[in-house]
Structure formats: structure tokens, C-alpha cells
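All remarks here apply to the structure that follows.
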Amino acid sequence: MKFYNLHTHQFSDLPNVLELVNQYPNEFDDMIPNYSIGIHPWHIKGDTILSNLEILKSKLLDKKCLAVGECGLDKRIEIPMDSQQIVFENQLLLAEYYKKPVIIHCVAAFHELISIKKNKKITVPMIVHGFSKNSIIASQLIENGFYLSFGKALIQNPDLETVFQSIPNERIFLETDTTSNEIQEVYALAAKYKKLEINTLKEIIEENFNRVFKK
């Protein structure tokens with residue numbers, strides 16, 4: 001049984017790990033077997049939006065492309081929220097059309113994220129990666145159909161233990177993102193917090209992955 005790494009920027013090609021590797025339209029490695037692709041809010045540039053969306057559309061036809069993202073909203077950067085929202089919504093509409101799940105980057109914009117999901121009637125699974133917020137935000141996201149992926153913050157912030165414990169098992173994923181932590185380390189801590197055997201947690205995450213990504 002494999003470990004599933006929901007979101008990573010580093011392809012390790014380990015035989016016991018299935019990695020969903022984050023890729024960008026202008027930085028793409030066709031040799032990666034399972035990937036997501038999207039326009040990150042940090043990388044929005046007016047003169048490349050249309051061309052990047054076209055690249056995105058072409059890659060969504062690839063069986064190796066399992067998800068759109070990471071994409072989303074970030075209130076702590078200088079790029080105007082209006083521009084971010086337009087680019088994000090365009091990607092959500094592509095995800096909806098091609099029936100691909102979405103890997104979400106969200107910073108201080110969870111109210112807007114939930115509103116967009118409702119207003120655009122997005123039905124494909126949406127996963128907030130790198131979740132690090134409190135139980136109130138977690139509960140709001142779960143109530144609105146989101147999945148939550150935990151990684152670096154789970155290891156670095158002990159206060160997340162009770163938040164993680166409160167998330168239904170069928171809504172969790174685990175990841176490494178850009179850190180040097182191995183996914184096995186994240187699983188070990190997650191299993192401890194959930195009071196589960198590692199193999200039981202692996203079964204839960206695998207079932208979630210297969211359901212969301214229809215593997």
C-alpha cells in the first residue's frame with residue numbers, strides 16, 4: 001500500500017509513494033507521471049494569463065494531469081484581488097468542464113473562496129492544501145464540501161492537533177509541499193493525532209484519493 005502525497009513541488013519517484021506534483025504552465029516536465037497544473041496567484045501577469053490558460057486547457061486532456069492547481073486567492077500579495085479572482089474563476093470553470101479536482105492555495109480569503117464555490121456552482125472536489133488555520137475555518141470549509149490537506153504546518157504547529165482531529169477522516173489528505181520532510185513523517189504524526197495505525201491511515205488516504213481523483 002502506497003503513501004499518497006497530495007501536493008509536492010519535488011518529484012522523488014519513490015516506488016512506495018504516489019506523488020501529485022505541482023506544475024506551472026511555463027515550467028513543465030512531461031516526464032512526471034501524476035501532476036496538477038495551474039496558475040498560482042503569485043504568478044499572475046497580465047501579458048501571460050491568456051497563453052497560460054491555453055496551456056492549461058491543453059494539459060487537462062492529458063491522463064497524467066489529475067487536477068487543476070495549485071490556484072486560488074492570496075490577500076497578502078500585491079496583485080489585486082479582482083485580478084486574482086478572475087484568473088481563479090477561469091481555472092475553476094475549466095476544472096468543472098474537464099471534471100478535474102482543484103488544489104487550492106488560499107491565504108486570508110476563505111470567505112471569498114466559499115462564496116466563489118457557491119456562486120459558480122462548482123461541483124468538482126476542491127482541496128485546500130497546506131491547511132494551517134483554526135477549527136472555525138476548518139468547520140466552515142468542511143460544511144461547504146471542501147477537503148483539507150495537511151503537511152508542514154501540522155509538523156511545525158502543535159496547536160493544529162485538535163483541528164486535525166476534528167476533521168472527518170473522509171475529508172483529509174497529507175502532503176509535503178515545498179518542505180524537505182518526507183511524506184512518511186507527515187503520516188506518522190497524523191496517525192498519532194488520529195490515534196490510528198499507519199496502515200489504517202494509509203487505507204483512509206488511499207480511499208479518499210481514489211474517490212476524489214477517480215483512480
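Index from 1, following the sequence.
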If you round to the nearest 0.5 Å, how far is CG of Leu6 from CG of Leu18?
10.5 Å

So among Lys57, Lys100, Glu89, which one has a side-chain contact (heavy atoms from CB on, under 4.5 Å) with Leu94?
Lys57

Lys194 versus Asn169, side-chain donor and acceptor atoms under 3.5 Å
yes

A side-chain contact here means heavy atoms from C-beta on lying under 4.5 Å apart; do Leu20 and Ile103 qualify?
yes

Do Ser58 and Glu54 have a side chain donor and acceptor closer than 3.5 Å?
no

Any link between Tyr24 and Val87 through a network of hydrophobic side chains (Ile, Leu, Val, Met, Phe, Trp, Tyr) touching at under 4.5 Å?
no

Given side chains that start at C-beta, do those of Asn26 and Ile55 come closer than 4.5 Å, heavy atoms only?
no

Minimal heavy-atom distance between Leu92 and Met126, with the atoms involved, is CD2-CE, 3.8 Å

As an exercise, state the distance from CG of Asn5 to CZ of Phe11, rounded to the nearest 0.5 Å.
11.5 Å

Assess whether a salt bridge exists between Lys75 and Glu112, defined as any Lys/Arg side-chain N lying under 4.0 Å from an Asp/Glu carboxylate O.
yes

Around atom CE of Met1, are there more than 12 heavy atoms from other residues, nucleotides or ligands closer than 6.0 Å?
yes

Taking side chain as C-beta onward, heavy atoms only, is His105 less than 4.5 Å from Trp42?
yes

Between the CD1 atom in Ile155 and the CZ atom in Phe150, the distance rounded to the nearest 0.5 Å is 13.0 Å

Would you check, one step at a time, whether the test side chain to side chain contact (heavy atoms under 4.5 Å, CB included) holds for Asp177 with His9?
CA-CA 6 Å; Asp177 196 10; His9 292 250; 3.2 Å; yes

Does atom CD (Glu170) have a neighbourhood of more than 12 heavy atoms from anything else shown, all under 6.0 Å?
yes

Considering all heavy atoms, the nearest Ala67-Phe213 contact:
CB-CE2, 3.8 Å

Quick check on Leu61: does its CG atom have over 12 non-hydrogen neighbours (other residues, nucleotides or ligands) under 6.0 Å away?
yes

Going by distance alone, is a donor N or O of one side chain under 3.5 Å from an acceptor N or O of the other, for Glu96 and Thr123?
yes

Centre of Tyr35's six-membered ring, under 6.0 Å away, within 45 degrees of the axis: is that where NZ or CZ of Lys64 sits?
no

Validation row: Lys133, Phe110 side chains within 4.5 angstrom (heavy atoms):
yes

Distance (rounded to the nearest 0.5 Å) between Ile37 CD1 and Leu60 CG
7.5 Å

Inter-residue atom distance Asn144.CG - Ile114.CD1, 0.5 Å rounding
4.5 Å

Could you check whether any side-chain heavy atom of Ile77 comes within less than 4.5 Å of a side-chain heavy atom of Pro41, counting everything from C-beta outward?
yes

Determine the minimum heavy-atom distance between Gln91 and Ile39, stating which atoms define it.
OE1-N, 2.6 Å

Would you verify whether the NZ or CZ of Lys202 falls within 45 degrees of the ring axis of Tyr4 while also being under 6.0 Å from that six-membered ring's centre?
no

Any chance you could measure Phe28, atom CZ, to Asp62, atom CG, to the nearest 0.5 Å?
6.0 Å

Any chain of hydrophobic side-chain contacts (each under 4.5 Å) joining Val128 to Val107?
no

Contact summary for Ile205 and Phe173, nearest pair of heavy atoms:
CD1-CA, 4.1 Å

Contact between Asn16 and Gln184 at the side-chain level, heavy atoms closer than 4.5 Å - yes or no?
yes

Beyond-backbone contact of Arg211 with Tyr147, side-chain heavy atoms, under 4.5 angstrom:
yes

Transitively linked via ILVMFWY side-chain contacts under 4.5 Å: Leu14 with Leu174?
yes

Does a side chain donor of either Ser149 or Glu175 reach within less than 3.5 Å of an acceptor in the other side chain?
yes

Are more than 12 heavy atoms from other residues, nucleotides or ligands located less than 6.0 Å from atom CD of Glu207?
no

Nearest atoms (heavy-atom pairs only) where His7 meets Asn22:
CE1-OD1, 3.4 Å

Quick one, Ile137 with Phe131, criterion side chain to side chain contact (heavy atoms under 4.5 Å, CB included). Give me CA distance, side-chain angles, the key distance, then yes/no.
CA-CA 10 Å; Ile137 294 174; Phe131 190 77; 4.0 Å; yes

Give the minimum heavy-atom separation between Val212 and Pro125, together with the two atoms involved.
CG1-CB, 3.7 Å

Minimum side-chain heavy-atom gap Gln165-Glu161 below 4.5 Å
yes

